[in-house]
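One structure is given below, encoded as C-alpha cells.
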Amino acid sequence: MTANPLPKLRKEIDALDDQIVDLLSRRFAIASDVAAYKARSGVAVRLEDRITEVLERNADRAMKNGAEAEAIRAIYKTIIDVTCAYEEAKIGKSG
C-alpha cells in the first residue's frame, strides 16, 4: 500500500502560498507609492495599456513555464482590479 501523498503536497502548496503572500504584500507596498505619485501627478489609476501589458507579459511567462496562460490572465486580472481599488482608496484618503 502506498503512502498518501496529499499531506506532503499540501505542505509544498502552503510553502508556496506563504511566498505568494509575501510577494503580494511587497506589491501592495509599492502600489502605495504608485498611488501617491498618481495623486500628485494627476495620473489615472487604471491605465488600460499598462493593464494589457501586465496581463500579456505574465501570460507569456506562464506559457514558457508550462502553466495555463488563461488561468494566469484571470489571476492577474483579479490582482490588478484589487490593486486599482487599493490605489483609489489610498488616493481618496490622501485627497
Side-chain angles (χ1 to χ4, degrees):
M1 179 178 223
T2 60
N4 181 352
L6 288 179
K8 180 182 181 292
L9 295 171
R10 286 177 179 152
K11 188 172 183 172
E12 289 181 44
I13 287 173
D14 289 346
L16 289 171
D17 286 344
D18 290 346
Q19 292 175 44
I20 291 167
V21 170
D22 292 347
L23 291 171
L24 286 171
S25 296
R26 287 176 46 197
R27 192 180 201 285
F28 276 93
I30 294 167
S32 183
D33 293 339
V34 169
Y37 172 79
K38 287 178 177 179
R40 286 192 309 272
S41 304
V43 174
V45 168
R46 291 190 70 86
L47 300 169
E48 295 303 324
D49 289 347
R50 174 63 178 153
I51 291 169
T52 299
E53 175 188 338
V54 172
L55 291 173
E56 294 313 309
R57 185 179 71 79
N58 287 295
D60 289 346
R61 185 174 177 92
M63 286 189 301
K64 288 176 186 169
N65 287 321
E68 295 291 326
E70 284 307 311
I72 297 302
R73 270 192 202 93
I75 290 166
Y76 267 88
K77 175 140 182 22
T78 299
I79 290 171
I80 291 165
D81 289 346
V82 170
T83 302
C84 287
Y86 176 81
E87 288 181 17
E88 288 167 349
K90 285 285 194 181
I91 290 170
K93 287 179 184 174
S94 68

| Any donor-acceptor pair under 3.5 Å linking the side chain of T78 with the backbone of A74? | yes

| Where the side chain of N65 meets the backbone of A67, is there a donor-acceptor pair that is under 3.5 Å apart? | no

Any chance [atom1] of [X] has more than 12 other-residue heavy atoms, nucleotides or ligands included, within less than 6.0 Å?
X	atom1	result
E53	CD	yes
D22	CG	yes
R61	CZ	no

| said: Whether E56 and R73 form a salt bridge (side-chain N of Lys/Arg under 4.0 Å from carboxylate O of Asp/Glu) is what I want to check. | reply: yes

Rounded at 0.5 Å granularity, tell me how far [atom1] in [X] sits from [atom2] in [Y].
X	Y	atom1	atom2	result
I79	F28	CD1	CZ	8.0 Å
D33	K90	CG	NZ	9.0 Å
I13	D18	CD1	CG	12.0 Å
K38	C84	NZ	SG	6.0 Å
I75	L55	CD1	CG	11.5 Å
S25	I30	OG	CD1	11.0 Å

| Counterpart residues, ring-ring contact (aromatic ring centres under 6.0 Å, His included), relative to Y76 (two or more places apart) | none

Give the minimum heavy-atom separation between [X] and [Y], together with the two atoms involved.
X	Y	result
A59	A69	O-CB, 3.8 Å
E87	V45	OE1-CG1, 3.6 Å
A31	T83	CB-CG2, 3.7 Å
I72	A62	CG1-CB, 3.3 Å

| query | So which pairs with a foot in residues 5-16 pass side-chain hydrogen bond (donor to acceptor under 3.5 Å, both in side chains), sequence neighbours left out? | reply | K8-E12

| query | Taking the side chain as C-beta and beyond, is there a heavy-atom pair between R46 and D81 under 4.5 Å? | reply | yes

| request: Could you list the residues that satisfy salt bridge (charged side-chain N to carboxylate O under 4.0 Å, His left out) with E88, not counting sequence neighbours? | output: none

| Between L24 and V54, is there a shared hydrophobic cluster once you connect ILVMFWY residues whose side-chain heavy atoms come closer than 4.5 Å? | yes

